[in-house]
Amino acid sequence: MPDMPKGKAGLDDQEHCLDISLQTVDSRMLASSGREISFTRAVLTVRNVCDAELSMVPHATLGQEGGTVQDVSGAFPGNAGVAIPPGGTVSGDVYDLLLPAHSGTASKVHMFGYRAALNWRFDLAAWAEYRRAAESPPVRTSISRWTLRWSVPDAATGAVVLTIEEGEGQTLGR
């Protein structure tokens, strides 16, 4: 099937029902030295913008600079299907949830903590499949893409800052 506009899969109801976004969230993290440092997190959010409950399955891939791109969809809780009410959201922390699901990153994060993510480039792609009703065919959103880089711009404070670059969306067919 040819690529279709975002959120459409040739259905009579062609309303775009899911909005996928990535936001930065300020938080704090305990460093190995025992002191708390500022740590900017990336939170991936899928929001139901339609007026009906949807059955939704989130998907994501993560690529580490110099490594392979891996499907990390299994890291989402309830990946077999999540009921998301109108206006409801499903969110996941990229550092806590998705980086540990990438086998090339998991052991490094386990051994070195937040420092394992510093100065690496991570390419994140996310999309979702949803149904308006159990008998309706699935609809896929377009792929949303971002590049993430955590760094410590000021060694004196040790604060970890996240830079996110938004990539171009790619439309998936049905």
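- The shortest side-chain heavy-atom distance between T24 and D26 does not fall under the 4.5 Å cut-off.
- Side-chain contact between L62 and V69 is absent, with no heavy-atom pair separated by less than 4.5 Å.
- Sequence neighbours left out, the pairs with a member in residues 85-100 that pass salt bridge (Lys or Arg N to Asp or Glu O under 4.0 Å) are R41-D93, R41-D96.
- The side chain to side chain contact (heavy atoms under 4.5 Å, CB included) test applied to T105 returns Q64, L99, H102, V109, F122, not counting sequence neighbours.
- For S107, there are no side chain to side chain donor-acceptor pair (under 3.5 Å) partners, not counting sequence neighbours.
- The side chain to side chain donor-acceptor pair (under 3.5 Å) check on S21 picks up Q23, with sequence neighbours excluded.
- Rounding to the nearest 0.5 angstrom, the gap separating the CG atom in L148 from the CD1 atom in I164 is 5.0 Å.
- Taken together through direct or relayed side-chain contacts under 4.5 Å among Ile, Leu, Val, Met, Phe, Trp and Tyr, M29 and L118 form part of one hydrophobic cluster.
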side-chain contact (heavy atoms from CB on, under 4.5 Å) between V82 and V57, intermediate numbers included: CA-CA 6 Å; V82 175; V57 178; over 6 Å; no
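- D71 meets the side chain to side chain donor-acceptor pair (under 3.5 Å) test with S73; sequence neighbours excluded.
- Residues passing the salt bridge (Lys or Arg N to Asp or Glu O under 4.0 Å) test with R28, sequence neighbours excluded: E36.
- When all heavy atoms of A126 and W146 are compared, the closest pair comes out as CB-CZ3, 3.9 Å.
- Across all their heavy atoms, A156 and R35 have their closest contact at O-NH1, 4.1 Å.
- The side chain to side chain contact (heavy atoms under 4.5 Å, CB included) search around T89 returns T45, R47, S91, not counting sequence neighbours.
- Identified under the side chain to side chain donor-acceptor pair (under 3.5 Å) test for residues 149-160, with sequence neighbours left out: R149-E165.
- Residues G92 and L97 share a closest heavy-atom pair of CA-CD2, 3.8 Å.
- Partners of N48 under the side chain to side chain donor-acceptor pair (under 3.5 Å) rule, at least two apart in sequence or in another chain, do not exist in this structure.
- Taking every heavy atom of both residues into account, H16 and V49 meet most closely at O-CG2, 3.5 Å.
- Going from atom CD1 of I37 over to atom CG of L30 covers 8.5 Å, rounded to the nearest 0.5 Å.
- Atom OH of Y130 and atom SG of C50 lie 6.0 Å apart (nearest 0.5 Å).
- For E53 (side chain) and P85 (main-chain N/O), no donor-acceptor pair under 3.5 Å exists by modelled atom type.
- Side-chain heavy-atom separations under 4.5 angstrom define the hydrophobic clusters, and the remaining members of the one that includes V25 are V43.
- Under the 3.5 Å distance criterion, the side-chain polar atoms of R131 are matched with a main-chain donor or acceptor of S136.
- In this structure, A159 and P153 approach most closely via the heavy-atom pair O-CD, 3.7 Å.
- Under the rule for a salt bridge (Lys or Arg N to Asp or Glu O under 4.0 Å), R115 has no partner lying at least two apart in sequence or in another chain.
- Remark: A106 engages no residue in a side chain to side chain contact (heavy atoms under 4.5 Å, CB included) (not counting sequence neighbours).
- At least one donor-acceptor pair closer than 3.5 Å links the side chain of T40 to the backbone N or O of V160.
- Residues V94 and V161 fall into different hydrophobic clusters, defined by Ile, Leu, Val, Met, Phe, Trp and Tyr side chains chained together at heavy-atom separations under 4.5 Å.
- Atom SG of C17 is separated from atom CD1 of I84 by 10.5 Å, given to the nearest 0.5 angstrom.
- Note that CD of Q70 is 12.0 Å distant from CG of L98, once rounded to the nearest 0.5 Å.
- Residues V90 and M56 form a side-chain contact, since some pair of their non-hydrogen atoms from C-beta on lies under 4.5 Å apart.
- Outside the 6.0 Å centre-distance limit, the rings of Y95 and Y114 are not counted as a close aromatic pair.
- Distance check, rounded to the nearest 0.5 Å: CD1 of I20 to OG of S142 gives 7.0 Å.
- Within the 4.5 Å cutoff, side-chain heavy atoms of T61 are placed close to those of W127.
- Closest non-hydrogen pair, H59 versus A128, comes out as CD2-CA, 4.4 Å.
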